[in-house]
There are 2 protein chains.
Amino acid sequence: MSNSGSNLDRLRRANLATVLGIVHRSRSVSRAQITAETGLYRSTVGALVTELAALGFVIEGEPEATNRVGRPSPLVTPAPGVVAIAVNPEVDAVTLGVVGLGASVEHRVRHPVESPVTPEQTVRIVRDLLDALRPGPLAGRRVAGIGIAVPGLVRTADGLVRLAPHLGWRDAPLTRLFEEELGLPTVADNDASLGALAEHLFGVGRGVDDLVYLNGGASGIGGGVIADGRPLRGAGGYAGEFGHNRPAVQDRTSERGALEDEVSRARLLAAAALAVADEPTLARALLGATDQSVRDELARQRRVLATALSNAANVLNPSLIVLGGFLATLLASDPVGLAGLVADQTLPPAAEGLRLRPAALGEDRLLIGAAELVFAPVIADPATLQRTAS
Amino acid sequence: MSNSGSNLDRLRRANLATVLGIVHRSRSVSRAQITAETGLYRSTVGALVTELAALGFVIEGEPEATNRVGRPSPLVTPAPGVVAIAVNPEVDAVTLGVVGLGASVEHRVRHPVESPVTPEQTVRIVRDLLDALRPGPLAGRRVAGIGIAVPGLVRTADGLVRLAPHLGWRDAPLTRLFEEELGLPTVADNDASLGALAEHLFGVGRGVDDLVYLNGGASGIGGGVIADGRPLRGAGGYAGEFGHNRPAVQDRTSERGALEDEVSRARLLAAAALAVADEPTLARALLGATDQSVRDELARQRRVLATALSNAANVLNPSLIVLGGFLATLLASDPVGLAGLVADQTLPPAAEGLRLRPAALGEDRLLIGAAELVFAPVIADPATLQRTAS
DNA sequence: TCGGAATTGTTGCGTCGATGCACATATTAC
DNA sequence: GTAATATGTGCATCGACGCAACAATTCCGA
């Protein structure tokens, strides 16, 4: 109730944020490009970049060799001194990443576990991993905070994990635990929402302001939405749960009829007669199959998926739908066919501008998304991050 | 590519916009309240209000009689001198409204037509209506522009009506026609999207930043979404078309299976054995019915609607779903039952924070929404609107 | 090889918006 | 009637960006 007005301080902070955001998203830009993109004057951009450099966020390097007249403009790049810790607890492992500005994943550790971890165990594992990294990748670096990609519903306001069925978590105060035990600012969000964010900023969705991301994994279908260039979170932060939607299905094969009951990795494994398989293996088996039953199951799942995607397209009118995990395999099994099914059930004007694409970022996706969560407030107000080393 | 930076000009404009926005949404606030809400200093708010008054957007009136110590703070209210023209072409009439800041509908004219109008006829009707109003309600007022609520898909970027099936319009350059013929800046959007905006700002959705609005009319079901306090438009502006979605339906009664095929006013009229009826008549007939077949049809439609609403709630996680038209009647026929069906199919955390409510604004809704479209840029930059009279 | 054109960094100054103090003003409480 | 409280008003100050002039660096053509 006391902050909608703006003053010189905020003006400065907003411009610092704009410049740092450009450097972050572009990974490397000349000062002249920043001038053009912001519309600010040369001298102002100079001062802003100098301040960001003094704060340790960017470094000014040698100009790029461009073949144009005029004085070369120095290249501004993210400083390697600031990193975020990205954490992704899953049923079979806890993955930790050290991610710098510009979404550079500088280190990744996968810590396998035999049974799903508790929140407390997750904290301990992360602490041990961080202790091990401190002499190496973390030496002399400022840790801006910890970002956690949770396979479940996270109340984003306070990082309470309301429900993570496959981990067995329920109303777990995850970020509070991390902040108390590790003393680092911690934020958490749903994994698929972070995947959407990562693909939007650094993947196939670069420059696309309205996209839907759907990921198919062993534990179901998760999703995230970018609307008008910003993550769509909803009132509590639970938005994007496409997997639990009930689309119209011609020949229902499950009782509940939710998207993730009808379109599932388990059914694909069964159709391909595989017990367990990693994603590339499953994709090869499915895409190379000549067996009619396999192709029928692929076609059935494509039909159900198409209706769900059309429902999303009618409501959200994205210009891009990004598919990850086995949903990318479903797309690859018949890209034109799936796109046609979607177009048939989508209002023509909305269908016109719609593309379907496989996700691009691979295994770094969730780490980049989780780091983005950490960097967002830092970029929004660079001056607040303390200079004290980690 | 040259505007993300901010400067003193923008700072001033942003603060003017903030203050005018507060006055617009609150209809009447004291300067002290503005000071508290913006966090700006007294003297700054004073200067801003004075400038807005000089520009003719607000007036400072007598302080309200509050029983508190201290010097009374003058009341700031929207000036009646600035109005928007709201237009809503429908199959059987063209409605025009004169709407002031603060969403005050000062005048409304309904111009019945025998057959659906063309875009060109709409322009002519509006011109004639405006000519008639000029000596009266428009005398001495500045017209900020024209906002059109179209029952169809509108490409918001340029106001091209891609498809308005019930009017028979297709790729009609509506706003261009208006601007050429009437010389007033014109904007257009889907009617339900504007309904959502109006309910968010001045209806049941006041203060709710994440809501879904669904309206049931004779021509089908339209919808609009407010996400994070802003209208969700999508890439082209076609978002919110819930009516064309295909939710899972237990006993499908239509071939296509779209929501608006299964949940329709025509089926309710048939069940109530009415040929034609206005909304209150239909509501009375349905809610007072003891006939089992009527109650069965209501229950059937509620079941289908519940699945569609759950799908929306899972994806968008709103804290409020607003139902208008005959959908409000469906809600009224069993509020607890419908809410229960929705909760059953929605993820528990998302269902927890979700309310279902009937729409509040009545027949002014679309006019207010359309006027909002006109006022938005004016509020964002008050200094641009010319002082020249209409 | 050299000079002109083009582009961009650098520096100092001007402009302008918000702030905060001191003071004036208006109301309530006692 | 006086004290306390809250708010409007005028003025000096601070600080951020824009601008103009100059310097630096490159390309290009004679």
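So you know, we letter chains A, B, ... as the sequences are listed, proteins then strands, and number each from 1. Small disclaimer: the values here were computed from a predicted structure and weren't measured. The figures that follow rest on heavy atoms only: side chains count, while hydrogens, waters and symmetry mates do not.
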Study note, to complete from the structure: Reading nucleotides 5-15 of chain C from 5' to 3' and marking B where a protein heavy atom lies under 4.0 Å of the base, S where only the sugar-phosphate is that close, and - otherwise, the string is -BBBBBB----
Distance-only donor-acceptor hits, side chain of residues 64-78 of chain A, under 3.5 Å, sequence neighbours excluded:
{"residue": "A:T66", "atom": "OG1", "partner": "A:R68", "partner atom": "N", "Å": "3.2"}
{"residue": "A:S73", "atom": "OG", "partner": "A:R31", "partner atom": "N", "Å": "3.2"}
{"residue": "A:S73", "atom": "OG", "partner": "A:A32", "partner atom": "N", "Å": "2.8"}

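- Taking 4.0 angstrom as the limit, B:N67 places none of its side-chain polar atoms (N or O) nearer than this to OP1 or OP2 of C:dT27.
- Comparing A:D9 and A:T66 by the nucleotide of DNA chain D whose heavy atom lies nearest to each, the residue mapping closer to the 5' end is A:D9.
- When DNA chain D is scanned 5' to 3' for any atom under 4.0 Å from a heavy atom of chain A, the first and last hits are D:dG15 to D:dC27.
- Taking 4.0 Å as the cut-off between side-chain N and carboxylate O, A:D189 and A:R233 count as a salt-bridged pair.
- Electrostatic pairing of A:D228 and B:R230 counts as a salt bridge here, judged by a charged N lying under 4.0 Å from a carboxylate O.
- Side-chain N or O atoms of A:E199 include one that pairs as donor or acceptor with a backbone N or O of A:V204 at under 3.5 Å.
- Electrostatic pairing of B:R176 and B:D158 does not count as a salt bridge here, judged by no charged N lying under 4.0 Å from a carboxylate O.
- Look at A:E51 and A:R12 and you find a salt bridge, because one of the NZ, NE, NH1 or NH2 atoms lies within 4.0 Å of a carboxylate O, short of that distance.
- Put simply, CG on A:L11 is 12 Å from P on C:dG17, counting in whole angstrom units.
- Between B:I85 atom CD1 and B:R141 atom CZ the span is 10.0 Å, to the nearest 0.5 Å.
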Point to revise | Trace of the side-chain contact (heavy atoms from CB on, under 4.5 Å) decision for A:L182 with A:I146 | key: CA-CA 9 Å; A:L182 303 180; A:I146 301 177; 3.7 Å; yes
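- Checking the phosphate oxygens (OP1, OP2) of C:dG17, no side-chain nitrogen or oxygen of A:N7 falls inside 4.0 Å.
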